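In what follows, a single structure is set out as structure tokens and then discussed.
The shown structure was predicted, so the numbers you read here are calculated from the model rather than taken from an experiment.
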There are 2 protein chains.
Amino acid sequence: MSEATAKQGPDTRARILNAAESLFMTHGFEATSMRMITGQAGVNLAAVNYHFGSKDALIQEVFKRRLTELNRDRLSALEAEEALANGAPLKPSKIVAAFFGVSLKMAADTEHGGATFMRLLGRTYTEPNEFVRQFLAEEYAEVVQRFMSALYRALPDVPREEILWRFHFMMGAMSYAIAGTDALKLFAGDFDDKDPTRLMPRLMSFLLGGLRAPLPEEVVESRTSRRDAA
Amino acid sequence: MSEATAKQGPDTRARILNAAESLFMTHGFEATSMRMITGQAGVNLAAVNYHFGSKDALIQEVFKRRLTELNRDRLSALEAEEALANGAPLKPSKIVAAFFGVSLKMAADTEHGGATFMRLLGRTYTEPNEFVRQFLAEEYAEVVQRFMSALYRALPDVPREEILWRFHFMMGAMSYAIAGTDALKLFAGDFDDKDPTRLMPRLMSFLLGGLRAPLPEEVVESRTSRRDAA
DNA sequence: GTATGATTCAAACGATCGTTTGAACAGGAT
DNA sequence: ATCCTGTTCAAACGATCGTTTGAATCATAC
């Protein structure tokens, strides 16, 4: 099964997207050639430019296909919690569970390539490729703004800058959690990743512990600050 | 200053290493060509192959130069704490501070390229490039084993597998913390990264909160487990 | 059947990749 | 002055890159 793995797959477009997603994750964008993609997809070399226009457009399409659905699910999960809360601020654990729970659910889906995509996504946040980041920013704008607002309401005494940072840290932990197994095996040869369903509670405990940790130094400063003008 | 930025720098080898480190961080390994490297270093194209043998060997040398020093400092910090403790188990906060404090100190050094390197290193953990990972594994073997042993002693009631995962999560948070600014600006335009010295206490609070979080589910199971054979 | 539009195909395009070559240049020891 | 060793240089190598081309093939409507 070295080449043309998904030979008699669905239509050409989808075969290309699946092959590209998998290869991008393994080798990165630049190291993945059109010939590798079309070879694994079992289609002609010119098919990519015919269906997508260019390699860059293909990259965008690989992300858009999954990210639109992922962020819609994340917002749905948040709105479901908000509906239950009936106007009251959500508990931080509910907000975190909504965002990262949906993420890990997609990461656990090895059947339809969700796992592959989430690893790719984790790699891409820190990748300074300009046009990919621009695209990610647009796709993420609404969902991040909504979740941050929920967290601001949930933690009114925590400086917003602090929440922003901690959310960022949580994204990093999640990214490594998903990329996880391989990197862990590197410096812990005797490592079992037997039960992937364990990952979710594992990560969630860690994230909530970090989010609710005592604030650093005396940046504590509740809203009734002791000295108003520094 | 478009080309040959470090024109009258030190010797050719160092100029190449500095240029490569910076370009690898910005564009990744594959997207960085030898002509970009030698152009920015202000040296002849053939100089890389003359001094390092190949591009892959150059990549290894870029890592080795910093990583050897970084891991030596991390071990020194751990040993200093162990000397103070006089044989008693270290507090988890001391262990975490030793590992990640040294890391962030290098990341804060924008003068000598430490910041650039740490961003590059964070990207590389999750990069599945085979030969780079192999090399990282070897470089990290001792230091990770030592720190994990310290954590096992510090947290005897926590399953070792759990500690391993949480250490991995901490690495992810640190990686994002260092790559940080750019990624944060993406989905929070109104963001200040004014004071980089704040990052250290920020991250440390989060990491310790995550490390000491309640264990998920009933994996709690102290050493005097209620049922010995499952 | 024939015309029409969408798709696939083999082949080639110029550009750039990492690497190699052999000559030119440097400085110190004999 | 000569030799030797280490280094730099311009030029070229074959391989591979993303993309384009024009003909072949397919499907559908008339």
Side-chain angles (χ1 to χ4, degrees), chain A residues 2-63 120 127 129-132 135, chain B residues 2-64 120 124 127 129-132 135:
Chain A
S2 61
E3 61 159 24
T5 311
K7 196 74 174 196
Q8 75 282 36
D11 58 319
T12 301
R13 269 186 64 99
R15 287 224 300 279
I16 292 174
L17 285 173
N18 290 336
E21 182 175 76
S22 161
L23 288 167
F24 286 159
M25 191 268 281
T26 310
H27 303 99
F29 300 125
E30 316 272 354
T32 302
S33 69
M34 315 248 74
R35 286 161 180 85
M36 292 165 67
I37 296 171
T38 54
Q40 181 157 119
V43 303
N44 187 269
L45 168 62
V48 171
N49 289 283
Y50 175 77
H51 284 280
F52 299 95
S54 69
K55 184 182 179 181
D56 280 359
L58 170 63
I59 295 176
Q60 270 188 252
E61 199 55 36
V62 165
F63 278 96
L120 174 60
E127 185 152 9
N129 179 318
E130 195 48 47
F131 103 93
V132 174
F135 169 73
Chain B
S2 61
E3 62 160 22
T5 310
K7 197 73 174 198
Q8 75 282 36
D11 57 319
T12 301
R13 269 185 64 99
R15 287 225 299 279
I16 292 175
L17 286 172
N18 290 336
E21 182 175 75
S22 161
L23 288 167
F24 287 159
M25 192 267 281
T26 310
H27 303 98
F29 300 125
E30 316 272 353
T32 301
S33 69
M34 313 248 74
R35 286 161 181 84
M36 292 166 66
I37 296 171
T38 53
Q40 180 159 120
V43 303
N44 187 270
L45 169 62
V48 171
N49 288 283
Y50 176 76
H51 284 280
F52 300 94
S54 68
K55 184 183 179 181
D56 281 359
L58 170 62
I59 296 177
Q60 271 189 252
E61 198 55 35
V62 164
F63 278 96
K64 184 168 284 177
L120 174 60
T124 310
E127 187 152 6
N129 179 318
E130 194 49 47
F131 104 93
V132 174
F135 168 72

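Between the side chain of Thr32(A) and the backbone N or O of Leu23(A), at least one donor-acceptor pair lies under 3.5 Å. In terms of modelled atom types and a separation under 3.5 Å, the side chain of Lys55(A) and the main chain of Ser33(A) share no donor-acceptor contact. A donor-acceptor pair is defined here as one N or O able to donate and one able to accept, closer than 3.5 Å; such a pair exists between the side chain of Thr38(A) and the backbone of Met34(A).
One interatomic measurement links the two molecules: CE of Met36(B) to P of dC17(C), which rounds to 8 Å at whole-angstrom precision. Taking atom CD1 of residue Ile16(A) and atom P of nucleotide dT7(C), one finds them 12 Å apart after rounding to whole Å. Atom CG in Asn49(B) sits roughly 9 Å away from atom P in dG18(C) (whole-Å rounding). Taking atom CZ on Arg15(A) and atom C1' on dT8(C), their separation rounds to 12 Å, with Å as the unit. Residue Asp11(B) contributes atom CG, which lies 10 Å from atom P of dT7(D) at whole-angstrom precision. Between Leu45(B) atom CG and dA11(D) atom P there is a gap of 13 Å when expressed in whole angstrom units. Remark: C1' of dG18(D) and CD1 of Ile37(A) are 11 Å apart, rounded to the nearest angstrom.
In terms of heavy-atom proximity, Ala41(B) sits nearest to Arg15(B) at O-NE, 2.9 Å. Among all heavy-atom pairs drawn from Ala31(A) and Met36(A), the shortest one is O-SD, 3.6 Å. The two residues Asn49(B) and Ser54(B) make their nearest non-hydrogen contact at OD1-CA, 3.7 Å. Across all their heavy atoms, Ala46(B) and Asn44(B) have their closest contact at N-OD1, 2.9 Å. Minimum heavy-atom separation, Ala20(B) to Leu58(B): CB-CD2, 4.0 Å.
An OP1 or OP2 oxygen of dT7(C) is reached within less than 4.0 angstrom by no side-chain nitrogen or oxygen of Thr12(A). OP1 or OP2 of dC17(D) has at least one side-chain nitrogen or oxygen of Ser33(A) nearer than 4.0 Å. When the side-chain nitrogen and oxygen atoms of His51(A) are compared with OP1 and OP2 of dT8(C), one or more of them lie within a distance under 4.0 Å. OP1 and OP2 of dT7(D) both lie 4.0 Å or more from every side-chain N or O belonging to Asn44(B).
Scanning for side chain to side chain donor-acceptor pair (under 3.5 Å) contacts around Gln60(A) gives an empty result, with sequence neighbours left out.
Residue contacts for Ala47(B): at a heavy-atom cut-off of 4.0 Å it reaches no nucleic acid atom on any strand shown. Thr32(B) comes within 4.0 angstrom of the backbone, heavy atoms only, and of no base.
Stem analysis of DNA chain C (at least three stacked-register Watson-Crick or G-U pairs, each with both distances under 3.5 Å) gives C:1-30 with D:1-30.
Between Arg35(A) and Tyr50(A), the residue whose closest nucleotide on DNA chain C is further toward the 5' end is Tyr50(A).
Applying a 4.0 Å cut-off to non-hydrogen atoms, the residues of residues 54-62 of chain B that approach DNA chain C are Ser54(B), Lys55(B), listed by residue number.
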